[in-house]
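The structure appears right after this line, and notes come after that.
Quick caveat: nothing in here was measured; it's all calculated off a predicted structure.
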Amino acid sequence: MEAAAGAAGSLLGKLLTKLSDDLVAAYVDSLELGHNSEQIQTKLLHTQGLLQLAEGRDASNVPALPVLLEKLSKKADEAEDVLDELHYFKIQDQLDGTNYAAPDLGDGLRGHARHGRHAARHTIGNWFPCFSCLRAQDDGSAPTAAVNSPHHYTTNSATASADDGGDVDKLHFDRVSMSSKIKSLINDIHSLCDPVSDLLSKIPSSSTTITLKRPQIGSTIIQDILHGRGDIFEKTVNDITSGTHHGQTVSHFAVMVWVCVSTDFDVLKLTQQIHNCIPATENETASETTNIDRLQKSIAQRLKSKRFLIVLDDIWKCNSEDEWKTLLAPFTKGEAKGSMVLVTTRFPKLAGMMKTVDPVELRGLESNDFFTFFESCIFGEHKPRYCEDELDGISREIASKLKGSPLAAKTVGRLLKKNLSREHWNGVLHNHEWRNQKNDNDIIPALKISYDFLPFYLKKCFSYFSLYPEDYRFHDSEINRFWIAIGIIESSHQADKSYIEGLVENGFLMKGVYKYPPFFEKDKYPPVGEYYVMHDLMHELSRSVSAQECLNISDLDFRAEAIPLTIRHLSITIKDRYDEKFREEMGKVKGRIDIVNLRTLMIFRQYEEPIVEILKDTFKETNGLRVLFIAVESLQSLPQSFSKLIHLQYLQIGSPYGREMTLPSTLSRFYHLKFLDLSSWYGSSNLPKDISRLVNLHDFLAKKELHSNGPEVGKMKYLRELKEFHVKKQSVGFELRELGELRELGGTLSIHNLENVATKEEASGAKLVLKRDLKELTLVWGRAQPTDIDADILDALQPHSNLRTLRIMNQGGTTCPSWLCPETWVNNLEILHLHGVSWGTLPPFGQLPYLRELSLKSISGLQRFGPDYGGVTGKCLMQLKKVVFHDLPDLVEWVVEPNCHMFPGLESIDCSKCPNLCLMPFSECSCTSLGRLHIDGCPKLSLPPMPHTSTLTDLAVPERLPSHLRMLSYNGKELVVRKYAGALAFHNVGEVEDMSIGDVPHFSWADLEQFKSLRKLAVGRCDSMFCGELDGSVVFHNMDKVESLSVDVSHLTGKLLSKVFNSCPALAYLEINSSLEDQEERVIQFPSSSSLQTLRFLSKGLVLLPAEDGGGIQDITSLQSLSIRYCRKLLSRWPMGEAGGAPMTNPFPASLRKLDISGESSMWSMALLSNLTSLTYLSLENCQNLTVDGFNPLIMVNLKELEVWNRSGKSVAADLLSEVARTKLMHAGSFQLEKLVVDSISAVLVAPICSHLSATLHELVFYNDMRVKGFTEEQENALQLLTSLRRLKFICCEVLECLPQGLHRLSSLKILYVSSCPQLRFLRRASPLRFKV
């Protein structure tokens, strides 16, 4: 009953809105209905009021009422459509200066004649539809449509829906049909209102029955085991007991009371319950009373010297803070410390009102805890052994969908417990059967209790969330637009957050905060702010309560026969590719529901070719849409009825990247459109030339190029934001007076090409001073040469004092505008940018108390900044957080008053291209909160020891260089110092964990003692760090925590280097490199290590001593990864053993799993690697002298990736793979190789090798093969053996003339990549080719 009454009341409200329009009311009055529009509105208001009073009442004794309400709703809905259509043609008349839809006023001959002509055309149109497009000549009225048209209009062109960017044919008005329909509907509604009102007045007044549905709960725990939330439990108990009773509350509190409040927050009743639970004092006389004063005094007396815990559980409502304080009053009188009142509620609003500390918000259980609890709900204490393998995977999939909800675990656990079979469990998983469980303690019924508690308008708001995808992030204005478009809330409430906040306060939505929005939605959302998201279970509830009205098709398994006939709102959120079954079911949809009167169609993905025709066919008769969300591949993807969507209020249309498309020209025909969202439109930036006909447009969400291309925007008088406006001399409709007509304009506005404004009067036409909602204004001049009029024009562009951000760029005048100097009119500014101005005097910045950001760029003549900021000295610019100085050639100093605490909130300074700047305010008194300092192109600036304060954690000098080339860079945890001559404040960088230092003459090893937290150290050439080596005084302290070390050995001896290694017992990563090209031989010995895991050699002169001389790294048994890059001589002293045999000792430890050797000419035998049977990755690149002598095939056993290639000379890969093919130590199934990169096609494409690799190889790369031109039959056949191959690449195969013929038979192949193979006849030389096969 409540839903029926609410729906009828809502529809009557929409009808009243239409009738309140003067033009519509005049037309209705002209129809001679026997009662005028005012009387009709009075009748509707009376009925609507009775419906509102009936909400929450029990109407079960009036069974006829729901039937009448359904009839009334249907007629009201039809009437709203018809009057909306009439209003459309009224707007069209106003735009065109015609009177086709004007009322027939009076009984003169002209009025009768006009009506007679319309009636004649209407009749002729019924007989001969071809006559319906004849144009009237005598009175300018429009031709009529055939009577069987679903709407009362037609067009005079077969191409009315064509969207080629040309002129758009207008829809024409059918007066006879329209008048007849309005008469019929108004009379029907009028006749229904009386019996409905009569029955409504007979419904007895009663309260809701929600209280009866709430289960009563107590403090006794009904579960044997509590799962999860252990940290929250411990913290809560410790907070309650002040940490003195180690989780035991019973012994801590003398009195403990638990009351289940639920929906009945009655102060007297609750006080009585609490009073009855507290033991009486010895001298107290027992008596029953309903006097709240006596009860509260008695409670206070009983608790006077006792520590107590009062738990008020499951509070659903509290009417006011006073009511809450009244209930708490007796508990504030106690003498014992440590008493506590604990509240639980599902409503954030109540938690906010009642809290004295931060509330504990119970989200879902953590995944492991949840799964344990979930299994206990299914199996109890004993899980059958056979279920471990059979059902474990399915149960984990189901658990992941329940998002940690204990309530969901219980419901689904009961379902799964009924039948422990794979078939049943898979059915539950794929069919979401838990949605349909109806017991009171199941998910949806339990959540619906909260829904029933909402006021009706919030119920309606909540129900439509079912149309959006799960986990969708909403902005408040976005969902408000939707609610306005479908008629839930009025347009005047567009900025009203009370609706969405009401859902948050009642626990139906959650708030989040993003710093940067998703890239594709940057035009839709602000750069920082809040978003709203709905929990999956609440989304399920939304689906449930809106099931008769809203349909979301979210998977391909939907069935048309299961769709209710009453669906009016439809969305498609399928992520999978559409199939033939989907086509069949969508074909049935249009015969299942009333497609013509569908109100919402939202498709949350781009069209694909298979879906275009499906949707065009399914929705070709959909004419009543209020909301349409689509993304199209071309204009042909638009629904066939697109051009006739005259009721449309919210349109979101997107297009793919890289496809040049124009917007449909019929866009300008949607006169009712309030919201146009083109934030995902990546086609042409040209708007239809008559876009200004969208006279009801409120929000235009699009990139700035689209905003700037709209002529005559002044006609769109309700527009709330225009991001960019370009003044154009030669084009009509781009004068500043267009902005003057936009009285609602707010948000952000950027005006460009102001050099095209000729007079002060023309500039005044923008009326910026009247735009109180404008928050951000940018004024841009586009020429280099100033004119005498520039100053007057800027004066005339004075904004409203509410402005928060102002940017002025390239203005040519010599004086500051009067509204900025000498006193500022816009004193609410928070951001001020002045770029390229030439004013003799700058604005009085000190008069801007809220200024947070100041940017001065390309300003000549400014020599001194401060300390007198516009006549204001002392405490000023207290809110300033960011300063940017760029290209200020004359600036010498930034001065502050001596011993004055200036800029206490300043957090960021960017200073660049100020060649004469010598002084900045770095002292103990100024800029004490500075967190970011970037300096570049300021050679005369003298900096104090940096960072000068511990708050400075983003430091870059010079800023313009990439981070690895900066002289000084610091971000709080990482410090880079290179060729920096300034002093360092070591006491302010004590928390550095990652340090890189090089070519710093004044830095010593002793300075490292300042870095207590150092974990990663890179040392370049720093001669001063090792100056004590000669006398043996170098001592390495504070290196015990260093886990990563990179050392330039250009000027180090092997002895000193070994000393460095020994001082790092926790070292896990070590890199040895050299900054010199011609490095002389340097011998190195490594100590044994139990922590080193990764070692890299990048020094050309490094030589590894043989084992007998204490060299090698074979004793570092923890080593997992070794990289040797172009050292050339590293193994020159290592014995290789006899030809064909293994060396006496291997240089590398058997623990290695990854080995990468490149350009090592001293390595000539594979015998060196014979012990490395644990390798999973092996790369041998450009080892020109390497042979396979001593090769051990067992090193292939665990390999997942193998890369072997030379740029020239003999192919080692060919020899190596030949050895593998000949070996009998390994069978085909023993290989694990997944990726192979080699320089020999012929070595791989042989049957023995491909047989070995058949089951595992996913990626094969032929790199730098200079021999193979084509493929033999044997090689083609061998390639077919690689049945697991997914990616095949040919790179730098310079003589290759063709690809294998049998590629199409490789069933697993997904990607073919070809690059730099110039002889391949069908490829262009310059660009790589990438196929998805």
Any donor and acceptor pair, going by atom type alone, linking the side chain of [X] with main-chain N or O of [Y] inside 3.5 Å?
X      : Y      : value
Arg294 : Thr289 : no
Ser197 : Cys193 : yes
Thr271 : Ile292 : no
Trp483 : Cys461 : yes
Asp77  : Ser73  : no
Ser542 : Ser463 : yes

Quiz item: What about the rings of Phe474 and Tyr472, do their centers lie closer together than 6.0 Å?
Solution: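 Yes: the rings meet the under 6.0 Å criterion.
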
Quiz item: Without hydrogens or angle criteria, can the side chains of Trp324 and Asp322 be said to hold a donor-acceptor pair below 3.5 Å?
Solution: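 Judged by distance alone, the side chains do not pair up.
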
Quiz item: Going by atom types only, do Asp496 and Ser498 share a side-chain donor-acceptor pair under 3.5 Å?
Solution: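 Yes, Ser498 and Asp496 have a side-chain donor paired with an acceptor closer than 3.5 Å.
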
Quiz item: Between Lys317 and Phe347, is NZ or CZ placed under 6.0 angstrom from the six-membered ring centre and within 45° of the ring axis?
Solution: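 Not flagged: Lys317 not positioned over aromatic ring of Phe347.
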
Count the heavy atoms of every other residue, nucleotide or ligand shown that sit under 6.0 Å from [atom1] of [X], and state whether that count exceeds 12.
X      : atom1 : result
Lys71  : NZ    : no
Lys775 : NZ    : yes
Asn368 : CG    : no
Glu323 : CD    : yes

Using a 4.5 Å cut-off on heavy atoms from C-beta on, say whether the side chain of [Y] contacts that of [X].
X      : Y      : value
Thr344 : Ile315 : no
Leu295 : Gln272 : yes
His698 : Ser491 : yes
Lys333 : Lys304 : no
Pro849 : Gln879 : no
Phe508 : Val504 : no
Ile489 : Tyr457 : no
Val257 : Val259 : yes

Self-check item: Those residues that, when tested against Asp536, pass salt bridge (charged side-chain N to carboxylate O under 4.0 Å, His left out) (two or more places apart)
Solution: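 Checked Asp536 against salt bridge (charged side-chain N to carboxylate O under 4.0 Å, His left out); matches are Lys403.
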
Exercise. State which residue, out of Leu192, Leu72, Ile189, fulfils the side chain to side chain contact (heavy atoms under 4.5 Å, CB included) condition with Thr47.
Key: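 Among Leu192, Leu72, Ile189, the one that satisfies the side chain to side chain contact (heavy atoms under 4.5 Å, CB included) with Thr47 is Leu72.
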
Quiz item: Only one of Ile274, Ile299, Ile278, Leu303 forms a side chain to side chain contact (heavy atoms under 4.5 Å, CB included) with Phe308, so which one is it?
Solution: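 The side chain to side chain contact (heavy atoms under 4.5 Å, CB included) with Phe308 is passed solely by Leu303 among Ile274, Ile299, Ile278, Leu303.
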
Minimal non-hydrogen separation, [X] against [Y], with atom names:
X      : Y      : answer
Ser466 : Asn552 : O-CB, 3.3 Å
Pro904 : Met878 : CG-CE, 3.6 Å
Arg302 : Thr281 : CA-CG2, 4.0 Å
Arg772 : Asn802 : O-ND2, 3.1 Å
Glu478 : Arg473 : OE1-O, 3.9 Å
Met354 : Val343 : SD-CG1, 3.8 Å

Quiz item: Got a salt bridge between Lys881 and Glu830, using NZ or NE/NH1/NH2 to carboxylate O under 4.0 Å?
Solution: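 No salt bridge links Lys881 with Glu830.
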
Quiz prompt | Lys511/Glu530 ion pair, N-O < 4.0 Å | solution =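 Yes, Lys511 and Glu530 are salt-bridged.
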
Between atom [atom1] of [X] and atom [atom2] of [Y], what is the distance when rounded to the nearest 0.5 Å?
X      : Y      : atom1 : atom2 : answer
Met534 : Leu541 : CE    : CG    : 8.5 Å
Met256 : Leu342 : CE    : CG    : 12.0 Å
Leu68  : Asp198 : CG    : CG    : 10.0 Å
Leu327 : Leu312 : CG    : CG    : 6.0 Å
Asn291 : Gln296 : CG    : CD    : 9.5 Å
Ser320 : Met353 : OG    : CE    : 7.0 Å

Quiz item: After noting the C-alpha distance and the side-chain angles of Leu454 and Asn506, does the key distance pass the side chain to side chain contact (heavy atoms under 4.5 Å, CB included) rule?
Solution: CA-CA 8 Å; Leu454 289 174; Asn506 286 281; 3.6 Å; yes

Practice problem: Quick one: do Ile310 and Trp258 satisfy side chain to side chain contact (heavy atoms under 4.5 Å, CB included)? Show the steps, please. | Solution: CA-CA 6 Å; Ile310 309 294; Trp258 181 294; over 6 Å; no

Quiz item: Given the rule in the side chain to side chain contact (heavy atoms under 4.5 Å, CB included) test, do His535 and Met510 qualify, once you have shown the distances and angles that lead to the verdict?
Solution: CA-CA 8 Å; His535 190 282; Met510 299 176 291; 4.0 Å; yes

Quiz item: Who are the side chain to side chain contact (heavy atoms under 4.5 Å, CB included) partners of Asp476, not counting sequence neighbours?
Solution: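 Counting only residues at least two positions away or on another chain, Asp476 forms a side chain to side chain contact (heavy atoms under 4.5 Å, CB included) with Lys497, Ile500, Tyr532.
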
Quiz item: Could you walk me through whether Tyr464 and His569 pass the ring pair (Phe, Tyr, Trp, His ring centres under 6.0 Å) check?
Solution: CA-CA 9 Å; Tyr464 290 103; His569 308 274; 4.9 Å; yes

Quiz item: Should the ring pair Phe462 and Tyr451 be called parallel, tilted or perpendicular, given that the plane angle runs from 0 to 90° and is split at 30 and 60?
Solution: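 Geometry flag for Tyr451 against Phe462: tilted rings.
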
Quiz item: Hey, mind stepping through Glu366 and Phe370 against side chain to side chain contact (heavy atoms under 4.5 Å, CB included) and telling me if it holds?
Solution: CA-CA 6 Å; Glu366 294 295 327; Phe370 178 75; over 6 Å; no

